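Take a look at the structure below.
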2 protein chains.
Amino acid sequence: MTGRRTRQLTAVEAVVRAAHDHPSAEEVHRRVRQTLPQVSLGTVYRNLQKLAADRRLRVVPIAGRGARYDGMLETHDHFLCDTCGTVADVAVPRRPGTRNTRNLHRAGYLVRAQTVTLYGLCPECCQRQETMARPGGRRDGHEREA
Amino acid sequence: MTGRRTRQLTAVEAVVRAAHDHPSAEEVHRRVRQTLPQVSLGTVYRNLQKLAADRRLRVVPIAGRGARYDGMLETHDHFLCDTCGTVADVAVPRRPGTRNTRNLHRAGYLVRAQTVTLYGLCPECCQRQETMARPGGRRDGHEREA
DNA sequence: CTTTCTGCAAACTCTTTGCACTCGT
DNA sequence: ACGAGTGCAAAGAGTTTGCAGAAAG
């Protein structure tokens, strides 16, 4: 499954690895173009897929709208802001024992990886909401936004 | 944000609540039609959105392809099979307060919910793969964490 | 030289939306 | 009766794919 090392593949991997935000495919395309101005979006998608299949990057699925890509391979988790939609890397320390998945193993599952995803408000949005919260005004956190 | 109780809304909620698999919007539409034959897909989407906003169901985002809906509101987690793509409810017991979201709170995050998603092979696919693995046959060397 | 990969554009899938009409309240 | 909700169909967003030509091995 190794395939050829084309400059497009190399560039896509470099971009994802260098990115500290969690870029969408379209965003990766934009960045790759700074080096290889005429790469096509289709090629970016193909290479992202290939890298994901080879486990050289992670795919972070987001509700509704498309996926995000994450070059960080070490174990870490994600925080998704309800309001602004940004994805942040967070460390949710867990015990190394993986005692939790033991009963799954017994049930016949083969657990390859696990992700913790947290939902809520990021510091910025949290503060903004606090500022808007006025006595008498009722607030409730509904995700919307586009 | 309550809105009107239309028969479409009621039917969509009933279907999602009754479902034990994790149906896609299209699948929900198919099922709702058994009761209300001429509901439109658009309406199903609108009602699924509304129910999600009111937190009367959960949205389970899947990589690449569309979202799945889950009527089970109690805390539980999901297992995604790498091969067949099915979503299964699993119980990953955790200690109530012990998760270290405390440092996130300190950092200014407001954590509303958290999900654990496990990836790997479901019992069926696990067995199928075992059967195919022959001595001398190449191994697909993707062993990663647990 | 062969085979895989690319660019392009069209096709596809999933989801959202504008509009006129319907039906809860 | 008023306006939120609906059906329909068309538009949007995101992703995949067929094909002729380019380029990695």
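Computed from a predicted structure; not experimentally measured. In what follows, chains are A, B, ... by sequence order, proteins preceding strands, each numbered from 1.
Of the side-chain N and O atoms in A/Thr43, one or more sit less than 4.0 angstrom from OP1 or OP2 of C/dG7. The side chain of A/Tyr45 contributes an N or O atom lying less than 4.0 Å from OP1 or OP2 of D/dT15. Between A/Ser40 and C/dA9 there is no side-chain polar atom (N or O) within less than 4.0 angstrom of OP1 or OP2. Taking 4.0 angstrom as the limit, A/Arg7 places none of its side-chain polar atoms (N or O) nearer than this to OP1 or OP2 of C/dC5. Residue A/Gln49 places none of its side-chain N or O atoms closer than 4.0 Å to OP1 or OP2 of D/dT15. OP1 or OP2 of C/dG7 has at least one side-chain nitrogen or oxygen of A/Gln8 nearer than 4.0 Å. The shortest distance between the side-chain N/O atoms of A/Lys50 and the OP1/OP2 oxygens of C/dT4 is not below 4.0 Å.
In the set D/dG14, D/dG5, C/dT2, C/dT2 carries the atom at the smallest distance from any side-chain atom of A/Arg4. Closest to the side chain of A/Val39, from the set D/dG14, C/dG7, C/dT15, is C/dG7. Taking every side-chain heavy atom of B/Ala67 into account, C/dT15 is the closest of C/dT15, C/dT6, C/dG7. Distances were taken from every side-chain heavy atom of A/Asn47 (C-beta onward) to each of D/dT16, C/dT6, C/dG7; the shortest belongs to C/dT6.
The nearest whole Å value for the distance from the CZ atom in A/Arg68 to the P atom in D/dT15 is 10 Å. Following rounding to the nearest Å, B/Leu48 (CG) and C/dT16 (C1') show an atom-to-atom distance of 13 Å. The distance from atom NE2 of B/His29 to atom P of C/dT16 is 15 Å, rounded to the nearest whole Å. B/Gln38 has its CD atom 12 Å from the C1' atom of C/dC23, to the nearest Å. Whole-Å rounding puts the B/Leu41 CG to C/dT13 P distance at 13 Å. A straight line from CD of B/Glu26 to C1' of C/dT16 spans 14 Å, rounded to a whole angstrom.
The residue A/Arg46 sits close to a base: some heavy atom pair falls under 4.0 Å.
When each of A/Leu36 and B/Ser24 is assigned the nucleotide of DNA chain C with its nearest heavy atom, A/Leu36 is the one assigned upstream, toward the 5' end. In terms of position along DNA chain C, the nucleotide closest to B/Gly42 lies nearer the 5' end than the nucleotide closest to the other residue of the pair B/Arg5 and B/Gly42.
Using a 4.5 Å cut-off on side-chain heavy atoms (C-beta onward), B/Leu57 and B/Glu13 make no contact. No side-chain heavy atom of A/Val90 sits less than 4.5 Å from a side-chain heavy atom of A/His76. Side-chain atoms of A/Gln114 and A/Thr101, non-hydrogen and from C-beta on, do get closer than 4.5 Å to each other.
Here B/Glu124 does not pair with B/Arg128 in a salt bridge; the nearest charged N to carboxylate O distance is not below 4.0 Å.
In this structure, A/Thr43 contributes its side chain and A/Val39 its backbone to no donor-acceptor pair below 3.5 Å.
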